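Here the structure is laid out as structure tokens; the discussion comes afterwards.
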Amino acid sequence: MAGIIGKKIGMTSIFDADGINIPCTVVEAGPCVVTQVKTIEIDGYNAVQLAFGEKKEKHTTQPMLGHFTKAGTTPKRDLVEFAEFEKEYALGDLVGCDIFQEGDFCEVVGTSKGKGFQGVVRRHNFSGVGGATHGQHNRLRAPGSRGASSWPSRVFKGIRTAGHMGNERVKMQNLQIVKVLPEQNLILIKGAIPGHKGSIVTVLK
Amino acid sequence: MDLLKLAEQQLIEKKVWPEFKAGDTVTVFYKIIEGNKEREQQFQGVVLQRRGEGSTETFTVRKISGGIGVERIFPTNSPKITRLDVNKRGIVRRARIFYLRDMIGKAARIEEKKSYSSKTAKAK
């Protein structure tokens, strides 16, 4: 899938032609540099590797520095492979947010906000155990039974329990692009996207 | 954050309304779509608060309709608002006058600022 690397800026809302308020997320999308073009002959598949975000040279390893120098660019922070672009790109080309058009539908991949160690009510939408009365105490947000007793004498794999929540890769599909501002490299996507402000996301066409 | 403001500046047309704040009585003229016809409606009441900035700026207007309190939140820069008239300037001590919700009848009145109109007239 064709796409671009971007940075989540934050949320705002704009008015459409009918005067309806649309909540949207502002993403700084690109410009990304083509750092590698993969072909079937050499790599076994077709893809374009894009790079985004500045990085200091002293924080770059020598092999990576060589990789960037080959493309004729400064060291970048994030590298992502994309495929199936409409245009053909060469090393060092810039890919901007103009690959998107207003009204297009896209997918956004990001890392969700970390929620820490969470119980089953928040993590798996359990409803807790029973009410608060009839002698019941401290069971309000408990998971309840995890299974039978003497058989199987163990907890089955895959039982939903408390644990770490968030801070994982999330893909959101069917998001509409409301506006594209090519001069500022900004795109506005309808609704929310995963991650906190300033986090890196990939917008797929 | 600056990029967010930049996007808002480009995409939001800032509307210019007469100055108003919480405690003022205003009439808001706004367009509504009925079936496929467009019609103008008005909403007159006391401004409870103004909040937010940029494209998310809103204000709340409260009126008593048939003995029942009705509140409406308008986005300040909404293209649906065609006109905004300030009918009365009220004297209130705070920026958000939610205490008005608990008051009925005579207690819910707001004292009118009398000198305001003459002062501004002179200044102009």
Side-chain angles (χ1 to χ4, degrees), chain A residues 4-32 52-54 96-98 100-104 106 108 110 175-193 195-201 203, chain B residues 1-17 20 26-45 47-62 70-85:
Chain A
I4 201 166
I5 316 168
K7 190 167 127 186
K8 179 172 169 179
I9 301 295
M11 287 195 72
T12 182
S13 63
I14 60 166
F15 298 99
D16 70 357
D18 298 328
I20 291 168
N21 204 347
I22 305 172
C24 46
T25 312
V26 181
V27 176
E28 187 187 359
C32 297
F52 176 71
E54 289 305 314
C97 62
D98 47 5
F100 295 106
Q101 252 124 45
E102 281 166 27
D104 278 359
C106 65
V108 176
L175 298 169
Q176 197 175 14
I177 290 174
V178 185
K179 269 277 184 313
V180 180
L181 304 173
E183 280 172 28
Q184 283 84 27
N185 298 308
L186 296 177
I187 54 175
L188 276 74
I189 300 169
K190 187 174 175 181
I193 64 171
H196 52 79
K197 285 176 198 168
S199 66
I200 296 296
V201 292
V203 185
Chain B
M1 219 41 169
D2 287 332
L3 280 172
L4 198 63
K5 279 189 180 147
L6 199 76
E8 277 180 10
Q9 267 171 17
Q10 288 205 343
L11 299 171
I12 300 293
E13 196 186 331
K14 272 231 156 180
K15 295 248 185 165
V16 184
W17 304 124
F20 67 99
V26 295
T27 312
V28 185
F29 297 80
Y30 58 99
K31 289 183 280 188
I32 57 159
I33 294 164
E34 247 177 16
N36 46 15
K37 259 193 240 163
E38 210 173 48
R39 192 165 73 77
E40 205 176 61
Q41 220 171 46
Q42 17 181 304
F43 193 93
Q44 189 180 38
V47 178
L48 288 194
Q49 68 163 346
R50 296 188 67 168
R51 63 162 292 278
E53 56 167 343
S55 60
T56 52
E57 189 181 348
T58 61
F59 61 92
T60 310
V61 183
R62 178 187 169 85
V70 179
E71 279 177 28
R72 242 195 110 122
I73 301 169
F74 294 98
T76 310
N77 294 316
S78 168
K80 290 207 165 185
I81 305 179
T82 49
R83 211 174 99 199
L84 192 145
D85 291 346

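Computed from a predicted model, the values in this text were never measured in an experiment.
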Problem - Contacting moiety of B/Gln10, where chain A heavy atoms sit under 4.5 Å - result: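 Contact with chain A: side chain only.
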
TODO: For the pair A/Leu181 and B/Leu11, evaluate side-chain contact (heavy atoms from CB on, under 4.5 Å) and give the outcome as yes or no after the intermediate values.
DONE: CA-CA 10 Å; A/Leu181 304 173; B/Leu11 299 171; 4.2 Å; yes

Heavy-atom pair with the smallest gap, counting every atom of [X] and [Y]:
| X | Y | result |
| --- | --- | --- |
| A/Ser13 | B/Thr56 | OG-CG2, 3.6 Å |
| A/Thr12 | B/Ser55 | OG1-OG, 2.7 Å |
| B/Asn77 | A/Phe15 | O-CE1, 3.5 Å |
| B/Leu6 | A/Gln184 | CD2-CG, 3.1 Å |

For atom [atom1] of [X], decide whether the heavy atoms of other residues, nucleotides or ligands shown that lie under 6.0 angstrom number more than 12.
| X | atom1 | value |
| --- | --- | --- |
| A/Lys8 | NZ | yes |
| B/Glu53 | CD | no |
| A/Glu183 | CD | no |
| B/Lys80 | NZ | yes |

If you count heavy-atom pairs under 4.5 Å between each of B/Ala7, B/Gly54, B/Ser78 and chain A, which one has the most?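 Most heavy-atom pairs under 4.5 Å with chain A: B/Ser78.
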
- Task: Let me know if A/Ile14 has heavy atoms under 4.5 Å from chain B in its side chain, its backbone, both or neither.
- Result: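 Both the backbone and the side chain of A/Ile14 come within 4.5 Å of chain B.
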
Can you tell me how far apart CD (B/Glu38) and CG (A/Asp18) are? Round to the nearest 0.5 Å.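 Those atoms lie 9.0 Å apart.
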
Heavy-atom pairs under 4.5 Å with chain B - which of A/Pro23, A/Gly19, A/Gly198 has more of them than the others?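 Heavy-atom pairs under 4.5 Å are most numerous for A/Gly19.
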
Check against side-chain contact (heavy atoms from CB on, under 4.5 Å), B/Leu3 and A/Val26: CA-CA 8 Å; B/Leu3 280 172; A/Val26 181; 5.6 Å; no

